[in-house]
Each structure stands twice: as structure tokens, then as C-alpha cells.
Amino acid sequence: MLSVTGVTKAFGGIAALREAQFSADTRRITGIIGPNGAGKSTLLYVVGGLITPDAGKVMLDGEDITELPPFKRAHLGLVRTFQISRELSELTVLENLLLARPGQSGETIWKNFFLPGRVRAEEEAAIERACAILERVGLRHLADNPARALSGGQKKLLELCRALMIDPKIILLDEPGAGVSPPMRVQISEVIRSLRDEGVTFVIIEHDMDMIARLCDRVYVFAEGKNLTDGSFSDIVADQRVIDAYLGGLD
Amino acid sequence: MVSYLVTILSLVAIISILGLALNLQWGLCGMVNFGIAGFFALGAYTAALVDLAGAGTLVATVAAAAVCGIACALVALVSLRLSDEYLAILTLGFGEVVRLVVLNEEWLTHGSLGLPGIPRPFWGLIPEEQYEYWFLGMLGGVILLLFLALEKLLRSPFGRAIRAVREDDVVAATLGKDVVKLRVKVFALGGVIIGIAGAFHSFYMTYIDPSQFSAILTAYVFMAVIAGGRASNSGLLLGSVGLMAVIEGTRFLKDIFNIFDATQLSAIRLILIGLGLILLLIFRPQGCFAEYRLKIKKPEKEPRKASVQTETRTT
Amino acid sequence: MTKSGNLIHRPVKRRTVLRGIAAAGGFAAAAPYIGYSHAAGEDINIGVLLPFTGSQGAYGPDMRKAADITTKKINDAGGILGGRKFKLFFEDDESSPTAGLAATKKLLEINKCVSVIGIWGSPIAMAIKPVLVGANTCMMVSGAANAITEGDTKGLVFRYQAKATNWGSGMAQAMVSRKYKTISILAQQNAFVIPMIDPAKKVFEKAGVKVLDTVIYNPDQPSYRAEVQRIFGANPAPDAVMCLGLLTDFVSIVRETTRMDAKSKIMALSIMADAEGQFLKAVGPEAAEGIEHFQPSPPLSSPSYKKFVKLMGADENAIFLFASNTHDQICTLAMAMEKAKSTESLVFTKEIRAVCNPPGELVNDVVEALGKIRAGTKINFDGAGSSCDFDAQGDQINRSYAVFKIVGGKQVLQDVIKEPEVAL
Amino acid sequence: MTAREIVLKTKDVAAGYGGGDIISNISIDVEEGQIFTVIGPNGSGKSTFIKVLAGLLHTRVGGISIKDEQITPLAAPERVAKGLAYVPQEYNVFPNLTINENLRVSTEFLKRDRCATGEQRERVLNMFPEIATRLTLRAGHLSGGQRQMLAFACAMMAAPVVLLLDEPSAGLSPKFVAEIFDRIKAVNRTGLTVVMIEQNVKEALRIADTVMVLVNGATRLSVPASEIGSTHDLHKLFLG
Amino acid sequence: MTAQYIFNGFVSGMILALPAVALTLIYGILKFPNFASGAMLTVGAYLALIFNVYLGMPLLWAAIIGSLIFALIAVGIDQAVFRQLRERTAITLLVCSMGVSFVLENIARFIFGNGARSYDLAIARPKHFFGLRINNEQIITAATAVAAMIVVYFILRHTALGRAMRAVADNPSLAAVRGVRRESIVRWTWAITGTLTAVAGVLAGMDRAIDPLLGWNYIVSTFAAAILGGLGNPVGAVIGALTVGVVEETSTLFIPPNYRQVVSFLAIALLLILRPQGLLGAAKIKK
């Protein structure tokens, strides 16, 4: 579904990514791991569209999206979350979700005045969907609170919910477990897995190996901006190169 | 007395319309506009010139709205890549340029002599002694219309999207919002509203000159928005009434106190306004009214409130 | 007039009723008639709208003082209309038409003023004229812009000042008479001086004086170095420069010409180069030496003006350009009201020319004049600021203009120019 | 190794950012002259822990003491004055200041007499010769590794009792990693106690005296470095 | 002729340089553009006026005492107002500085009225060098401005305070770890800013007349200068100020002088579009 090939990106002469590649299969959870400085976040930015790579291609469903701005990627069903939660703090939890709903007529000024019925109907449908999503992750009771009042873990969930409102084909998760208490990580993992079962494709960057082990169908290991190896979780933990990368760099 | 109040209310109404524009641009979308006085002058002069050319007040108003809208859109486009404080400086500079052009292009604006005899809407159809009341009524109507329209927008998905842009434009983009388009739209829409205010100012005064559009006006509008509550339109209306009450109320001070001369009293008044602004920012940054937030009224299904409270400690 | 007869019999009751109606939200249009209904002993409220803040703020205080002193004089002498006193209400127009408009409304509606005087800035006069004329209220202005008195069909607007166009041609004539061959014009962009430029140029053209350059500068600039450099630093430099502006910018300009050691002579407006002594204080006698300034002037040698200067408690050589006009405005109001036996603008304004214009016995003291009016004598009032003669339009005629030169830190009168020579 | 004085001690420390605690119940005893290394997978709370030590994050539960003196309530600058120097992981130098200025600014505001003596400066510059030769260069022009050296040097200027290092090898090329650890060892040999957190387990273990393994915010293991026999144990700890 | 314009512009730029440096210093430490800098300049000019005209001191001493007192006032304003808003956004601080500007300007108006005033100082006469007119005041202005800038440069480069100021501007949290107390640095920065602005006020007052709008007239040019140099970069601010001064003056050779202020605005606009980091922005290292 998503394939990244030969992506290279340098910042001020220092290469963050060198010929990086990976692909995410439909309805699978693809994990991306690697020690600090491996270029994982940069890779995610490239896929999300916030950074244009120096070279390489990002393809979504066979379409080249390398140069597409982020909001158009969202229209194609590709959405990402952030490592440090970026909730829209003055909006309520519900509004955070509704915002993500694509193709709302109400976002065009004139339609609010001339097609109020359609806008209202869409809004009601969106609210219903949002409530269903919130219900599912157990945030329904917080719907009317401003997003800034949520705990770190809840914010991560909120980001995930927001992504779901897009009816995405594929969600990129940037460290969903970071800064989240262990029980919450388990909850987030469960949500992700059940969504996968419903047909959503995931790409996850994560440090928590438990989460990776629990979730990922396939894991790519990066080190120093390059692909190191990939395979199932059990494959890669057995790989000496991975151990070396994690425990002591490459020689 | 009544006629005096009508005058004051008419001026409040015009400031309120400006406030509605600023609330849209700054309160809702986070785009600070320090050039309100300049855009206002642009609107007023456009309306006056079109009106004086005999096109009628309706055409004049539409022209003012269009010109201001376009000017705002251009400024927004130019400032796309800039952070908020640069936009502030850019708009301030734009206001200065408008002031200089209005002052110096005598062939068009009569420079500092100003444009007298601007025709008023429905003049002649209404008995002259009642005209001010009707005009205030018209202004009230315009405000009501704008207010309802803006409230509707604010509560619509569009309003949500621009609030999201204000909070975090990267997230908004990630969620599929065309941030550039939204920002330009909002700033232009604000410009349209400022243009309407400018047109009504022209009609009300019947004479405009550059000195009516000094930078202090921008300060007043900011003060009204801050006092009322950023992003709340009803708060803004209250704020501008309160502000005008302070400004005009201090006029009566000098009828009572004779210790200070008029210069000093005027200075005191402006000091009070400055202090008010500072104190509001320090002690009541959210203003008197909170911004609108969509809520679902359905009863809560899970009775888990207690545990929620402990969980939702903010960082 | 039958109505007024009624009022005299039952004044208080009727007034209470009217006021009640007004307060209840009824008739703003009734406001002017309230003044009309005042009984003996009741104060007559006069609005005085002046700039105290903003770019023209420097000019307000003296005019206020003159108004206060003149009013006190009239009131101390027993007032008018059988013992009624003037009561003044001052408002600041903040040098802004919008603020001036609000202030005017306040004066009309809250303070029930029967006339609004002062009104220094032309834009302010333009902005409030529709309101005052609409409310049938007399307005007496100090602004020079020609348009102020134009289009007033009710005869309510009176200008205690020469028209801007006359200033321009008068000043140009003064410069021509000094035999300058080349002249440049340096003017501030404001409604007061801009109309002076074209008439001045016409005079220069007619007299064969060459205008080398005209530079118009904005108010409120950090410096005027570039403008000064362009005018005074030109090669060849003009024989003389006509400076039109206000005090603050002229101080900057003269500092700059002094630093340049500019050779061109300067003629300025007196509001710039004298401004009640502030200019000399600001630049010092050395830099000011030799600067000439021109202004429609009070008749400086007249007893009327001398009396006024004494009243103001100023040095006998002091020149009050605007304050003297404010004095005249109050005096005219008192005399016209006394003559008309009315405080209603539409009524007493008809009598203004009767007490001010010739023919008649020349009087220069307001108290004396009031006495003569009561005695039924036809008078011709001579004011402190001018001879106070008005044409049909409400503009002053027979004004005199004066040219001064600053010599050794003193204002020395050079010429006095009479109106007929000035008007084009 | 004979038992020496405990210079840095934490007792049952817990801390976190938002709702829950990221780390809890952490107690350490750092002996004088030791290199005490905290390792653990990403997200295990290492960074949180060192921030707590440095005083950048509030200690919710427990106490921290340096040479038996309680420093729990002290803010970061005061802890520096007490002898706890901290080298952050990123943004650890002032890029627009020269190297010399970086060195000077790190001591002149500590209200303490024993630091910033010419002697100490001499010692530090001797330790970091590559910096000593380019004193007038702006720090922003240094490479990552050189910045790290400068950051060390700055911390050393305060003549600290304990040096806190936040992932000294992060972002450095492998060639440089070994060098930086050698340098840490060298610094340590001068008698300075070092507490560091590190991802690069292999290199870190090479110089460490004591190792604490942090997993999910709790101490999983705390042993002398020599007792970590094979990487196999760590493998388990790290990769689950 | 052209040389004279350039020289004049240079002197104008010198006066502009001080408030521009002050603006940029505050921006560096507190990260907001201080709109009150114009009103601060006005108050500084009036303070010196008190000592010079009312108390009869020579202008030099009046300026020194006035600026030192104003340094204290600036610190006081910070403590009373800006300190309460430390953690707020730049825009809040900016709007607040507008309020401060109102208060300061009108305190001056309250006490001194609207009239134009001047220092007790004879106006200088020109000397001629190679066809250029130069006078004492211009020399004094240039010398004072240069001296003030050298002092600021010295403070920034060679004193503990300056290092700390730059350190806080670079990375406040690292500075805290190094023992630098941000609050005291902020206070010092305001003191320096206050001194600079007050000195600029005296120079501006010498150049033209003193009235309550004195400082306001410099605002747009000051911002233009600081932005040209890249906000937060003092050396850049000086270069920016000289550029604005020279460009504004020489522009009158090509365009009507009444549009001269548009030149600075257009310069800002163009620069912001093409190089948002300022003319010398690149000289500042972000990471």
C-alpha cells in the first residue's frame, strides 16, 4: 500500500537518511525501530509530507505522493500522529475529532448559509461517528472537555481517534507509547490491533519493544539513516547486527 | 441626551464592526492585525470616492468591502511564511502606507483637506431630524447580520478549522486542512468586514480626512476585543460598549474636576486606557466571555467522573 | 413669539416639562429651543471645542484661557439679558474629527449649549458642521479652510479667521514686496496650509518671482533633514523659502537650516515662528534671528487688542493669534444675544452683523458695547483679534495681516497689510 | 574496589510529567570516583531520571542528597553550585558564544569560590586540547562531537563533585563514540565521579564501574559492571 | 550633493541605531517586539529635559543622569508589567507593550503638555570638509551613538553579564543549568535597554524638538532597522539602522520626500518575503 524507496535527506550536510526504503502492506502493522539518530522521525516526516526528501520516492497505492502537501495526503487517506502529542488544546475533545472529518461542506463559507441542511446533516453524522470512536477508546465521557485537560496517554489516544475520523487507509504513529504510563500503552496497543483487524494499515515508530512485539507484523530496523534489516520481530531480535546496533553501534 | 447617546452608540457600532473583524482574524485564527486603522481608511475612502462619484451607497459599500478584502488577502499571502510578530509589523507598516497615500495623493483623496459631502444612504427618504436614529438602526442591523453570520461560521466546521489553524497549523494540515487557503480566506473576510465598517464611517461622518484614521483606533479595537474575550463575539460587543463608556465617560470628568487642564485630563484618559489594557492582559487574559466550544448535550453514559478527574491533571 | 410670551409667565413649569420629554427619550430636535426658554438668571451654556491633545494640542490652552477671562469679564459686569451668565463647557477634540464629533454631540445634548465656538482645526470644523447646522446651532470657527463656510444656507457659521486662500496670497505678496527673485515652498501636508499654496503661487507668477521647488512633507516624521536639504541645499539656493506648517516641525526645520548655515531667508506663518513664544524658547534667539513670519493678525496697535493683552496678564508685546479670536467670539455672542434678546442661534446670528459691521459707533470693549446695545445705540464692534466684520458668507472682511521679524530675540513688526490688497 | 564515600544518593525517587509517574522507586548510591551508568531501552525513563538529578524536573517522591546534604528542593543552578554539573544531550552549548565564552559563562554565575580558578581552567583545557586551540571560534561552528567535548569542558569548569551526562554518545559517529568514552574515563581518572545514562551499552559498559538497568521506569538490575557477563542478559532486558 | 544626503542619512541612522539595538536586545531575551520603545524614547528625552532645563545642568550630565534614572524605570516597568506575562505568547506581550506605550507617552503629556520643547543648548553651526557640511551636533550625535554602541558591544562581548545575556538569548534552559539566573539577566537587559533608549531620546531631542509624539515617529523606522538586521542581532540592528537612515534620506533624490517612510516599509516587506530571517539573520546560529 505504502512504499518508500531510496529516500535520502540531509540537513546542513549531515545525512539523516540514506537510501532508506520500506513498504507497508495493507492491513498490517509495520514497525520501524532503531537506536536514536537512526532517522526514524525524519522518515516519518518525509512520508507525512512535512519534509521533502532530497531523493527517493513515496508511493501510496501506486501513486507518487513525494511532492504532495500534507493536507492533500490526508485527503488520500494517509494520516499521522506526533511523537509529542499535538492536541488542539483550546478545542474540545469532540471538536478535535470533528475537525478531522474530511469533506465537510461546512468548511466552505457559503455552504453554511445556503446549504444549512446538508451541513447540519453532515455534522450530525460526524458527531455520531466521533462519539462512536470515543466510546470505543473510552474517552466518550471526556468529549466536552478541552483537549488540554487530558493526560499524556489520553492525548495519544485522542490523536489516534482524530486520525480515525479521516477513515484512513493508513495511519503513521510516531512513538505512540512515549511518555505514556505502561497500563495506557497496553490500552493503546489494543486499540491499534483491533483497528488493524478492521482493515486499517499502520506504520509505527516505537521504542518500547514490548509494544513492537505485541503489535507488529513486520519490523524494519534502521541505524544511522540506513536500512539495517527487516523481518518479523522474532527474526530481527535474533539478528546480531540489530543487537550490535542497539548495544554498541556498528564497527 | 438621546441624540448624544445615539451618536455614541453609532461610534460604538462602527468600532464593534471593526472588533468583529479583528475577532475573526486574531481571536479565531490567530492572525494579528495592527493595521486596522489603515484598512479602515482604505474602506472609508473607497466608499467615499465611489459614493461621491454617484454610484450610490450600496455600490460604495460593496466596493469598500471588496477593496479591503483584496488588500487583506494580499497582506495575508505575503505574510504566509512569517511568524505572528512579523505579521503584526507588516500590517502596521501597511497601515502607515495607506495613511501616507491618503495624505499625499491629493488628486484622489484631496489629501489633508479630506472629502466632504459624502451622500448618506436613504438620505431624503427619512425625515432629517430622525435620520440619526434610522442610521443607528441600520448600523444595528448590519451588526446583527454580521454577528449572526459570524456566530454561525464560528460554530460551523469552518470555524472549527480556523481555530485549529490558530492552535497548531501543522496538525491542521496533517488532518487535511488547506492552511494557506484558510488563513487567506479568514484575513480577507476580516478585510471585507473592515471595509463595511469604513463605508459606514464615511456615511456617518459625511466628511472624512486622514486624521480620522490614526493608530489609536487600532488600540481601541484591540482593547475592545481583549476586554470582551478573544474569540467571543458577544463579549466583543460588550467590550466595545464598555470601552466607549470609559472613553466618553471621562469627558464628564472635566465638568466636575477643575484641578487638571484639558490636556492633562485627556492624558489621564489615555493613561487609563493603557492601564486597562495592561491589567486585562495580566489579570483577565481570557476576557469576560469564554470562546465558544462545541459540546454534546447527551447525558453521559459512563459514571466514571471521579476517576476522570484524577486522570486529567494537566501537564 | 406668542409661545415665548407664555414661557415668560410660567417659565419653570414649562421648562421642566420640556426637559422631562427630552429625558424620556423624545425629541432631540427640541434641544435648541430649551436655550430659548431660559428665564432670567439662568446660565447660558456655551460649548468651546478646542484641541488639547494630538498634533494640534499645543494651540488649545491659550484659547481656553482667553475664553475663561472674557466670560468672567462679561459675567462680572452683570451678564446679559438681564443678569444671565455665560457658562462655558470645554471639550477636547483630540485633533481628531471623530472625537470632535462626539464632543460636539455632548456639548449639544448634555450641556445644552446654544452655540459651539473655538473649533480650531479645519477637518474638525468640516466634520461637525453638518451636525451643528442641522441642530440650528451657531458655530464660530478658527479654522482657515475655505470650505468651512461654504454651503451654510442658515447663516449659522462664522469664521474668526482669514480664509486660507487669503493667507496664501497675502503671504506671497509680503514676500514679493521683499524683492526676492526666487522662492521655494516647504509645506506640511495639512488641511490648514495646503489651500494657501496655489494662491501664493499665482501671486508669485504674476509678480514674476520664480518658484524653484515645492516640497510637501508629512506631519509626524522623525526628521525633516531630507526635505530641508532639498530646499535649502539646492544649487542655486532660493532667495527665500516660504515655510507653511506647525510649530513642532518648524522647530526641527529651523534647527536643520541653522546647522546647514542656510543662506535663504525664511518667511513662515506666525503660528510656527511665534506660537505664543514657544518657538523662540525652542530654538533660541540666535537660530531664530532674521526669520520673518506672517499672519492675519490682531490689530496690534488697537486699544481693543492692548486691553485684551492686559486681560490675559501677558507682556505688552505678546501676540495672541488665536486667543484674541476666541475673545471676540465670546464677545460677539454676548452682544448679538443682547441685541436679539434671544439665545436662540437662528435668531441671534441675524444680529451679529448688526453689532459688528459698520456703520455704527466704534466700540472696543464688550461691557461698554453691551451697555450701548441696551441703550439702543447702533454700534460697530472692534475686536481684539480683528475688526470683526463679516460678509454674507460668514467670513471676516477687513482683516489686517502683519509681518514680523525676529530680531535679537524679539518680534519686531515690519508691515501691516490690509485685506483689499490681499484678496485675489 | 574498596568501599568509598557515597557522594550521590537517591532514595525512592519518583517523578513524571503529566498524569502518571514515569519513574518510581529509584534508589542509587554512587561512590566517589565511580562511573555510574544507567542503561535501558528507549522510553524506560533514563532521561527523566537524569533530569530529576539535575534539578530540571521536580521530584515527586523521595529524596536526593549529595555528600549527605539534601538537595531535593534545589533548582538546577543551585545544584550546580552544590557540585552537580550536568551535560545535556542536545543543545548543550551556546552556539553564538565562542568556546572561550562558553567556558567562562559556565562558572561566573555560580556563587562559589572554588570554581573558575585559573588552575581549574588550565586543567580543563589540558584535558580538552582540541578546544583549547580554538578558543575564539563560535561554538555553533563545532561538529556534534566537538560540541559534546565543549559541553564537558564547561561542566568541568565548575569543578564539580559529580558529573551528570545525558547520553554522551547520542548523535555521534561511531568513530567518535569510543573516543568520547575514553575521554570520560580520563576525566574520571582525575577523581571525578560520573553518572551517565547511555544507549550505547557496549561502549558504556567498557568504562562503567556500576550499571543500573532501567526498564519501564523501574530498576531492573543494579550491579557492578563486571558482573554483566554477556550481552545476552541485556538482550533479554532490552528486546523483551 | 549626494554625499551630503548620504552623510545626513548616516547621522539619522546613528540616532535610529540605539533604539533598534534596544529593541533587538529585548527581542533576544524576551522574544517579543517591544512597541513601547517609542514612548520609552520620549520619556527618556523628557527626563533629560528636566535636569537640563529645569535644574540647569549641562546637557551631558542631564543626559547621563536621565538615562540612568530611566534604566531604573525600565526595570520597574518590567517588574510591574512584563514579568507578570513571562510565559505568555509574543503577541500578548506585544499588545501589552502597546498599553505601556500609551501610559508612558501620556504621562509625559500630562506633565509637559503638547508643546514642543528643546534642550538648553545652542544650535551648532556647520564646518565644511571636502564640500560636506558637518556640525558639532552631528559629531556629538555620531560620537555618542558610536560610544554607546561600543559600550554595548563591549558589555555583550567582554563581560560576564554580556555572555550571560547572549547565553540566555541562545538557550535559556542551558543557561539555567550553568547557574545563570534568567530573571536577573532580564533585569539587566531592561536596564541597558532603558539607558540606550533614553540616550537615543536625548539625541533625537537635540536633533528636532521634544514633544510627546517624539518617539512614536521613530517606531516604524526602528522596527525596519531591527528587522533588516534580523531581530535579536545587535550588530545587525546597527547595520540595519544605518541602512534605513541612508536609504530614507537618499530616496528623496528619486521619489517625493513625503513617501520616504514608505521606503522603510517596503524594505521590511520585501525582506520578509525574500529573507524572513533578516539581512544578517544567517549570521545567527539557531541550533
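We name chains A, B, ... by the order of the sequence lines, and we start the count at 1 in each one. The model shown is predicted, which means the values in this text are computed figures rather than measured ones.
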- Heavy-atom distance under 4.5 Å to chain E: side chain of B:V32, backbone, both or neither? side chain
- Which atom pair, heavy atoms only, marks the closest approach of E:V103 to B:I271? CG2-O, 3.7 Å
- What are the two closest heavy atoms between B:E96 and E:V220, and how far apart are they? CG-CG2, 3.7 Å
- Item | Close side-chain approach of B:N104 to E:Y259, heavy-atom, < 4.5 Å | yes
- Message: With rounding to the nearest 0.5 angstrom, report the CZ to CD distance, B:F283 to E:Q84.
- Response: 6.5 Å
- To the nearest 0.5 Å, tell me how far B:I278 CD1 sits from E:M98 CE. 11.0 Å
- Task: Check whether any side-chain N or O of B:Q264 sits under 3.5 Å from a backbone N or O of E:F110 as a donor-acceptor pair, and report yes or no.
- Result: yes
- Would a distance-only check, ignoring hydrogens and angles, find a side-chain to backbone donor-acceptor pair under 3.5 Å from E:R109 to B:I268? no
- Item | pair B:L275-E:F102: side-chain heavy atoms closer than 4.5 Å | no
- Query: With respect to chain E, which residue among B:L277, B:L100, B:V75 yields the maximal number of heavy-atom pairs within a distance under 4.5 Å?
  - Reply: B:L100
- Checked B:V101, B:L103, B:T218 vs chain E; the most non-hydrogen pairs under 4.5 Å come from B:V101
- Message: Is there a side-chain contact between B:I282 and E:F82 in this structure, where contact means two heavy atoms from C-beta onward sitting under 4.5 Å apart?
- Response: no
- Message: At a 4.5 Å cut-off on heavy atoms, which part of E:F32 comes close to chain B: side chain, backbone, both, or neither?
- Response: neither
- Message: Please identify, among E:L104, E:L85, E:I219, the residue contributing the most non-hydrogen atom pairs under 4.5 Å to chain B.
- Response: E:L85
- Note on the structure: Bottom line for E:A80: the part with an atom under 4.5 Å from chain B's heavy atoms is backbone
- Message: So for E:V95, is it side chain, backbone, both, or neither that comes closer than 4.5 Å to the heavy atoms of chain B?
- Response: both
- Message: Taking side chain as everything from C-beta outward and backbone as N, CA, C, O, which of these in E:L93 sits under 4.5 Å from a heavy atom of chain B? Side chain, backbone, both or neither.
- Response: neither
